[in-house]
S.K.: 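Below is the structure I would like to discuss, written out as structure tokens.
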Amino acid sequence: MNLDTLNPAQREAVEKTEGPVLILAGAGSGKTRVLTTRIAHLMEDKNVQAANILAITFTNKAATEMRERVEETITELDTKDMWITTFHSCCVRILRKGINRIGYNRSFVIYDSSDQVTLVKDCLKELNLSDKVFEPKSVISTISGAKDKLLSPAQFKQLYRDDVRNSKIADIYALYQDRLKRNSALDFDDLIYKTVELFKEDPETLEFYRSRFKYIMVDEYQDTSKAQYELIKMLARQHQNICVVGDDDQSIYGWRGADIRNILEFEKDYDDVHVVKLEQNYRSTQIILDAANTVISNNIERKRKKLWSEKKDGELIKIQLATDELDEAEFIADTISRLKRRDRRKFSDFAVLYRANAQARPVEDALNRSQIPYNIYGGTKFYERKEIKDLIAYLRVIQNPQDDISLKRIINVPRRGIGLRTIEKVEDRASLKQESLYSVLIDIESNSDISSKARKSISDFVDLMGTLRTIKEVYPVSKLIEKVLDTSGYIDELQKDSKKEESEDRIENLKEFISVALEFEQNSEEKDLETFLTTVALTSEASDDEEDDKVSLMTIHTSKGLEFPVVFLTGMEEKLFPISRAITSMRDSDIEEERRLCYVGITRAKEELYMTLTQKRTLYGKTNPSIASRFMEELPGECIERLNKAENELSYSKANYNILDKYTKKYMNNVQKSSIAKKVNATVKDTTKETNIDDIKPGSKVHHPKFGVGTVVMMKGTDVTIAFDNQGLKTINKEYTTLDLL
DNA sequence: AGCCCTAAGTTTTTT
DNA sequence: ACTTAGGGCT
């Protein structure tokens, strides 16, 4: 293996194969190259077997790319047995083999977020809880957070025993887990959680993988959760050849469970850690790096690191103050046209980045007007479309009839006369007999309280599913799908639908899905339905057309790991970037995460960086004057060039946001102090009981755990309407919310 | 059972 | 401003 083309730090990272290694890889420092070379070095020079290597990434894209590059580098050795996968695929693989040892069915299905919502709603119903107070989405994120931290329902309950709301959520969590198990289903977080559980419960399994994976590498280590951290730690225990690669400055997923401490404290967790810093950047000009370095240096919680480049100087960072978002979009479109002509650039050289997806609309309009082709990333995912989800639900039930959630989704789609009342009766019976819905359906004739007409419909449905289950055994997946669409009447229903255009789109999408299946049959080694469903569950996008010469539009989050010659960072305004919630949360760590996001945005640019902001912006139907982002203030003056008279028209003054900050901070402090003084618990545990909280009446100042301070406007039944100072008017149910009287 | 209207909520996203 | 979900009405 020739290592001469690597710089000294990269080379060190490659050659230090034994023991724990932490590679702090700055943006654009050739991290993927180091990882792939390292794997090649292990195999070619150290005689390590492919099967002894485990390389983990976060996205399928990164995994595929790494595999391809490794295979390009090592042509004469067999790399098939090497695991280069995402955390989730890795776990599925382990679980499919051994989850039965912790009492689960090995042919589990994987629930996505909308299945989770459905399931949580069912749980709420069963526990007689209101989905207004316990919004499914928020419950799910709490449960998800618990799983990320490896807290079982019991542990979570114990931890929050004094917190009425979270205690209730613990109950939901417990029931939710129970239902998942009964449906033979796991959610995404379970994939990690249950693998850790399996390792803990079954030493034999752990031992098997532990001795197999002698060399472990983890990419994007700054994005790992506690659960993922634990998983890796368990696996690496024996050989200690654990190499993690990451950049604490690019940790932008704290809100979905990533724990930045994992990378910051790696040196404490393992003995004799060898640290390598990759600081030479091969991507951007020095000017861009100076700006990035300066901005990120405002963060306290970080490992010191400074990017440098051999590409001295370069273009200054251009700042454009637009009047509003339309003007901003116009500027972007004009600049792209101009630069394309002037520098003979391709459209694909440009990227427009923004903090929130809502910002894309005006940019799209402007690009359309200027006839600039673009690709927009994000938005509704292919697999999340209704028709695709319906079809997948059919496939899931065919694969796993215990899946009640999927069964309920399709039992009357297309309509076949099995109404809500009938389903309710079936559900009652199922929970009485502790059986799945499907087994009640099979045995429907013994159910005399259901009309004979409904019974006929049900037995027709059972026949249909039975036939499809037989077909599954003989036909390939694509054929099975055609049969499903055909025999279920799904396509017929769409074809006779009056709203033509929409139905046509749906039929198109279903056809597209069939070609996904065909592609799967060609590429996958295992071609069964179970593997297909897993693949689909673990993939977000069907395919992407990156080939085209188009401008890229995406959020800064999505842009991580990518690079473009010319980048537009848009909406550089307080309350948008940093986003208002990071400002009002009063947590420095939230602002620091926004700043890291800014760092990620800046470092996407190779040659030219434009930053834009507006004087006023219309967002969510309201127009507000803008204040320049604090991150603009943090840019070094010598790196920037203002394209228009920004200074005079808009205050870049630090004072602006400092005042804003101080105001909110002081305010919150007062709230906290006074709320300690007098606390009224307005919560009861049981819906059937009537609450009595005479202390709270219209006019009372109260503090709500989620919405902050407000004044009670109206009380009706158990509903309390409160005008919150920061959130506006909201009605909450006093039975489930702890209100502090101020 | 379907349709229409109102209300509420809008950061980021992978798997 | 806009979408989307849920409730209520026909």
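Chain letters run A, B, ... following the sequence lines, proteins first and then strands; every chain starts at 1.
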S.K.: So is the aromatic ring of A:Trp255 stacked onto the base of B:dT12, judging by whether the centres are under 5.5 Å apart and the planes are under 30° apart?
M.R.: yes
S.K.: To check you understand the geometry: which heavy-atom pair defines the closest contact between A:Tyr209 and A:Lys97, and what is its length?
M.R.: OH-CD, 3.7 Å
S.K.: Measuring to OP1 and OP2 of B:dT14, would you say a side-chain N or O of A:Asn60 lies under 4.0 angstrom away?
M.R.: no
S.K.: A:Lys425: what forms a salt bridge (Lys or Arg N to Asp or Glu O under 4.0 Å) with it, not counting sequence neighbours?
M.R.: none
S.K.: Return the value, rounded to whole Å, for the distance between atom CG of A:Asp148 and atom P of B:dT13.
M.R.: 17 Å
S.K.: Given atom CG of A:Leu186 and atom P of B:dT15, what is their separation to the nearest angstrom?
M.R.: 18 Å
S.K.: So which nucleotide from B:dT15, C:dG6, B:dT12 ends up closest to the side chain of A:Arg355?
M.R.: B:dT12
S.K.: Let's go through A:Lys389 and A:Asp115 carefully: what are the C-alpha distance in whole Å and the side-chain angles of both, what is the deciding distance for salt bridge (charged side-chain N to carboxylate O under 4.0 Å, His left out) to 0.1 Å, and is it a yes or a no?
M.R.: CA-CA 10 Å; A:Lys389 288 230 63 182; A:Asp115 302 317; 3.1 Å; yes
S.K.: When we call it a touch if two heavy atoms are under 4.0 Å apart, what does A:Lys560 touch: a base, just sugar-phosphate, or nothing?
M.R.: nothing
S.K.: May I have the distance from A:Gln250 (atom CD) to B:dT14 (atom P), rounded to whole angstrom?
M.R.: 16 Å
S.K.: What is the distance from CD1 of A:Ile376 to P of B:dT12, rounded to the nearest Å?
M.R.: 12 Å
S.K.: If each of A:Asn412 and A:Ala537 is mapped to the nucleotide of DNA chain B with the nearest heavy atom, which maps nearer the 5' terminus, i.e. the 5' end?
M.R.: A:Asn412
S.K.: What is the separation between atom CG on A:Asn624 and atom C1' on C:dA1, rounded to the nearest whole Å?
M.R.: 14 Å
S.K.: Among A:Asp248, A:Asp247, A:Asp249, find the residue that satisfies the side-chain hydrogen bond (donor to acceptor under 3.5 Å, both in side chains) test when tested with A:Arg302.
M.R.: A:Asp249
S.K.: Assign A:Leu538 to base, sugar-phosphate, or nothing according to its heavy-atom contacts below 4.0 angstrom with the strands shown.
M.R.: sugar-phosphate
S.K.: So, OP1 or OP2 of C:dC2: does either fall under 4.0 Å of a side-chain N or O from A:Lys622?
M.R.: no
S.K.: Would you mind reading off the distance between A:Lys194 atom NZ and B:dT15 atom C1', rounded to a whole angstrom?
M.R.: 18 Å
S.K.: Using whole Å, what does the distance between atom P of nucleotide B:dT15 and atom CD of A:Glu384 come to?
M.R.: 12 Å
S.K.: A:Tyr193 side chain N/O closer than 4.0 Å to the phosphate oxygens (OP1, OP2) of B:dT15?
M.R.: no
S.K.: Assess the pair A:Phe513 and A:Phe532: is the distance between their ring centroids shorter than 6.0 Å?
M.R.: yes
S.K.: When all nucleic acid strands are considered with a 4.0 Å heavy-atom cut-off, which category describes A:Tyr620: base, sugar-phosphate, or nothing?
M.R.: base
S.K.: NA contact type, A:Ser580, heavy-atom cut-off 4.0 Å: base, sugar-phosphate, or nothing?
M.R.: nothing
S.K.: Quick one: A:Asp115 CG to B:dT15 C1', roughly how many Å, whole number?
M.R.: 13 Å
S.K.: Could you please name the option among C:dG6, B:dT11, B:dT13 that lies closest to any side-chain atom of A:His557?
M.R.: B:dT13
S.K.: With respect to the side chain of A:Ile579, which nucleotide from B:dT11, B:dT13, B:dT15 is positioned closest?
M.R.: B:dT11
S.K.: Tell me whether the OP1 or OP2 atom of B:dG2 has a side-chain N or O from A:Arg415 closer than 4.0 Å.
M.R.: yes
S.K.: Going by the rule side chain to side chain donor-acceptor pair (under 3.5 Å), which residues pair with A:Glu364 if we only count those two or more places apart in sequence or in a different chain?
M.R.: A:Tyr374
S.K.: Check whether any side-chain nitrogen or oxygen of A:Thr86 sits under 4.0 Å from OP1 or OP2 of B:dT14, and answer yes or no.
M.R.: no
S.K.: Should A:Arg581 be listed as having a side-chain N or O under 4.0 Å from OP1 or OP2 of B:dT11?
M.R.: yes
S.K.: For B:dT11, does OP1 or OP2 lie under 4.0 Å from any side-chain N or O of A:Asn357?
M.R.: no
S.K.: For B:dT15, take OP1 and OP2 only and decide whether either is under 4.0 Å from a side-chain N or O of A:Thr539.
M.R.: no
S.K.: Both A:Ser89 and A:Ala582 contact DNA chain B. Which one's nearest nucleotide lies toward the 5' end?
M.R.: A:Ala582
